[in-house]
Amino acid sequence: MMGRLAPLSEEPINEENEGYNNSNSKKCLQSWRNWNWIKTHFSLAFNKKSNLKILLSVLGCPLFPVPVHPILPLNEVSSSAQYIIQHFRAATGCRKLEGTVKNVFTTGKVTMDVVDELGSTSGGINLEKGCFVMWQMVPDKWQIELVLGGQKVVAGSNGAIAWRHTPWLGVHAAKGGVRPLRRALQGLDPLAVSAVFCAAQYMGEKEISGMDCFVLKLSADQKDLVERSDNTAEMIKHAIFGYFSQRSGLLVYLEDSYLTRIQAPGSHPTYWETTMSTKIEDYRIVDGVMIAHAGSSTALITRFGDNLKAGPSITRLEESWTIDDVAFNVPGLSLDCFIPPQELQRDCSSDDELDWRSFTLA
């Protein structure tokens with residue numbers, strides 16, 4: 001297996017400043033690049049002309065807040081969370097996958113839209129339709145290609161690092177530990193769902209969409225939050241709630257949020273909070289295992305701070321998705337399919353690397 005690669009910067013290409021060079025102060029250059037990146041990247045969320053980019057950045061391939069944990073022995077039920085997960089494993093039938101499934105192949109369709117203001121919708125005028133292909137290999141290896149509105153985003157993990165490639169930012173790596181793709185845990189990978197939530201905190205019961213559910217909570221620990229921060233962008237929290245139907249035992253709802261504090265030198269701090277809610281439904285049997293084949297997500301991006309005189313700014317994003325095909329143990333899928341792009345490996349060895357990440361690859 002390849003060694004861990006260092007994270008990359010996500011600075012956009014700025015033709016006007018390509019020649020900028022300050023050999024006397026590398027820190028000054030880094031500070032300028034960081035602030036230039038912030039102004040360009042974060043403005044996407046509230047620029048109507050950048051709807052497609054913000055849709056793909058936020059909804060395309062976000063990561064789960066915590067890594068996959070080893071599954072605890074089934075005969076040890078030491079908490080309410082483990083009892084709920086055992087119920088989920090029995091309901092999905094995913095026990096039969098353990099030790100037999102080496103990889104998974106999935107194809108699906110997505111429809112995304114931007115609602116610029118709460119309470120008002122574009123009425124389908126700005127709807128973007130697309131599709132995705134996803135591969136997974138045990139353990140911790142995955143790759144997804146998502147095409148929407150003529151743009152393609154590719155993301156992956158080789159088990160040591162997660163990375164993403166977008167047309168507007170190029171190839172970049174995610175900071176922090178290796179974490180699974182959130183889209184895979186939306187009912188597509190019951191083994192991963194049971195693995196991450198077996199260590200969750202039981203939060204009680206709640207009714208969601210007319211269903212009585214048990215609620216489990218997972219939070220990124222402080223060490224991981226520090227690893228995902230730097231001197232300009234601080235990750236304050238990242239937590240997720242899983243709602244498991246009391247009747248069926250299936251995962252029917254995910255709700256997560258992360259909060260980032262942004263502050264350039266000499267400026268007031270600005271806070272960005274992204275909250276995503278996902279309804280998971282249409283479970284069908286695939287090779288004896290229950291797999292979710294449809295769902296919908298809503299993401300709210302809120303920007304607030306003392307320097308925003310008009311008050312908090314909010315953008316709402318919506319997505320619906322369906323699964324066309326799921327296949328286990330696809331022949332020909334090898335470790336070579338999960339090697340990070342050469343640009344990532346080459347740039348990570350550069351002396352000018354910026355220890356930097358995107359708030360949307362959270």
Notebook entry, point to check: Cluster question for you: counting only ILVMFWY and a side-chain heavy-atom cut-off of under 4.5 Å, with indirect links fine, are Ile85 and Ile208 together?
Noted result: no

Notebook entry, point to check: Are Val289 and Val138 grouped together when hydrophobic residues (ILVMFWY) are joined by side-chain heavy atoms under 4.5 angstrom apart?
Noted result: no

Next item on the list: Could you walk me through whether Val196 and Leu218 pass side chain to side chain contact (heavy atoms under 4.5 Å, CB included), step by step?
Entry: CA-CA 8 Å; Val196 295; Leu218 287 166; 4.2 Å; yes

Note to self: Nearest 0.5 Å, please: how far is CG in Leu148 from NZ in Lys53?
What the structure shows: 14.0 Å

Margin query: Using the rule that Ile, Leu, Val, Met, Phe, Trp and Tyr join whenever any side-chain heavy atoms are under 4.5 Å apart, tell me whether Leu146 and Trp135 fall into a single cluster.
Written below: no

Next item on the list: Using distance alone, with no hydrogens and no angle criterion, decide if Ser257 and Thr275 have a side-chain donor and acceptor under 3.5 Å apart.
Entry: no

Checklist line | Salt-bridge criterion met for Arg316 and Glu318 (N-O under 4.0 Å) | finding: yes

Margin query: When you group the ILVMFWY residues by side-chain heavy-atom contacts below 4.5 Å and let the links chain together, are Leu333 and Ile339 in the same group?
Written below: no

Check: Does Val193 reach the side chain of Leu191, with side-chain heavy atoms less than 4.5 Å apart?
Finding: no

Item checked: Interatomic distance, Leu251 atom CG to Phe88 atom CZ [nearest 0.5 angstrom] -> 6.0 Å

Next item on the list: Taking all non-hydrogen atoms of both residues into account, name the closest pair between Ser297 and Trp321 and its distance.
Entry: OG-NE1, 4.3 Å

Checklist line | Derivation of the salt bridge (Lys or Arg N to Asp or Glu O under 4.0 Å) call for Glu98 and Arg89 | finding: CA-CA 11 Å; Glu98 293 178 337; Arg89 288 165 60 82; 2.7 Å; yes

Checklist line | Nearest non-hydrogen partners of Ile240 and Pro65, listed with the distance | finding: CG2-CG, 3.5 Å

Checklist line | No-hydrogen, no-angle side-chain donor-acceptor test under 3.5 Å, Glu255 and Tyr243 | finding: yes

Next item on the list: Calculate, to the nearest 0.5 Å, the distance between atoms SG and CZ belonging to Cys61 and Phe132 respectively.
Entry: 11.5 Å

Item checked: Stepwise side chain to side chain contact (heavy atoms under 4.5 Å, CB included) test for Thr274 and Leu300 -> CA-CA 6 Å; Thr274 300; Leu300 294 179; over 6 Å; no

Margin query: With heavy-atom distances below 4.5 Å as the criterion, would you say the side chains of Leu188 and Met134 are in contact?
Written below: yes

Note to self: When you compare the side chain of Lys279 with that of Ser296, does any pair of heavy atoms fall below 4.5 Å?
What the structure shows: yes

Item checked: Val133 side chain reached by Ile144 side chain, heavy atoms, under 4.5 Å -> no

Notebook entry, point to check: Is the backbone of Leu59 close enough, under 3.5 Å, to the side chain of Arg183 for a donor and an acceptor to pair up by distance?
Noted result: yes

Note to self: Between Asp212 and Arg247, does the salt bridge (Lys or Arg N to Asp or Glu O under 4.0 Å) criterion hold? Intermediate values first, please.
What the structure shows: CA-CA 8 Å; Asp212 293 326; Arg247 180 177 180 181; over 6 Å; no

Next item on the list: May I ask you to test the Met276-Pro62 pair for a side-chain heavy-atom distance under 4.5 Å?
Entry: yes

Note to self: Could you report the tightest heavy-atom contact between Cys131 and Val110, atom names first, then the distance?
What the structure shows: N-CG2, 4.2 Å

Check: Parallel, tilted or perpendicular for Phe244 and Phe197, by the 30°/60° rule?
Finding: perpendicular

Note to self: Donor-acceptor check, side chain of Gln263 to backbone of Ser267, threshold 3.5 angstrom: yes or no?
What the structure shows: yes

Notebook entry, point to check: What's the shortest heavy-atom distance between Cys198 and Gln82, and which atoms?
Noted result: O-CG, 3.6 Å

Next item on the list: For the pair Arg164 (side chain) and Ser57 (backbone), establish whether a donor and an acceptor sit closer than 3.5 Å, ignoring hydrogens and angles.
Entry: yes

Check: Under 4.5 Å between side-chain heavy atoms, hopping through other hydrophobics if needed: is there a path connecting Phe241 to Ile280?
Finding: no

Next item on the list: Report yes if some heavy atom in the side chain of Thr302 is under 4.5 Å from a heavy atom in the side chain of Tyr271; otherwise report no.
Entry: no

Next item on the list: Starting from the C-alpha separation in whole Å, work towards a yes-or-no answer on side chain to side chain contact (heavy atoms under 4.5 Å, CB included) for Ile236 and Leu225.
Entry: CA-CA 7 Å; Ile236 298 176; Leu225 293 175; over 6 Å; no

Next item on the list: Drop me the distance from Thr278's OG1 to Gln186's CD, to the nearest 0.5 angstrom.
Entry: 4.5 Å

Check: Can we say Arg182 and Asp256 salt-bridge, meaning some charged N sits less than 4.0 Å from an Asp/Glu carboxylate O?
Finding: yes

Next item on the list: Measure the OG-CG distance between Ser157 and Leu181 for me, rounded to the nearest 0.5 Å.
Entry: 9.5 Å

Check: Side chain of Asn158, backbone of Ile161: donor and acceptor closer than 3.5 Å?
Finding: yes

Notebook entry, point to check: Hey, what do you get for OG (Ser219) to OH (Tyr258), rounding to the nearest 0.5 Å?
Noted result: 15.5 Å

Check: So which heavy atom on Gln136 is nearest to which on Phe338, and how close?
Finding: C-CZ, 4.2 Å

Next item on the list: Give a yes or no answer on whether the side chain of Thr100 reaches the backbone of Leu97 with a donor-acceptor pair at less than 3.5 Å.
Entry: yes

Item checked: Residue pair Pro180 / Leu185: nearest heavy atoms and the distance that separates them -> CB-CD1, 3.7 Å

Item checked: Val58 vs Ile301 side-chain heavy atoms within contact, under 4.5 Å -> yes

Note to self: I'd like to know if the side chain of Lys175 reaches the main chain of Ser229, judged simply by a donor and an acceptor atom lying under 3.5 Å from each other, with no hydrogens or angles considered.
What the structure shows: yes

Checklist line | Under 3.5 Å donor-acceptor, Asn103 side chain and Val330 backbone | finding: yes

Next item on the list: Just do the side chain to side chain contact (heavy atoms under 4.5 Å, CB included) check on His293 and Val286 with the steps written out, would you?
Entry: CA-CA 10 Å; His293 279 66; Val286 178; 3.7 Å; yes

Notebook entry, point to check: Is there side-chain contact between His172 and Trp163, with heavy atoms separated by less than 4.5 Å?
Noted result: no

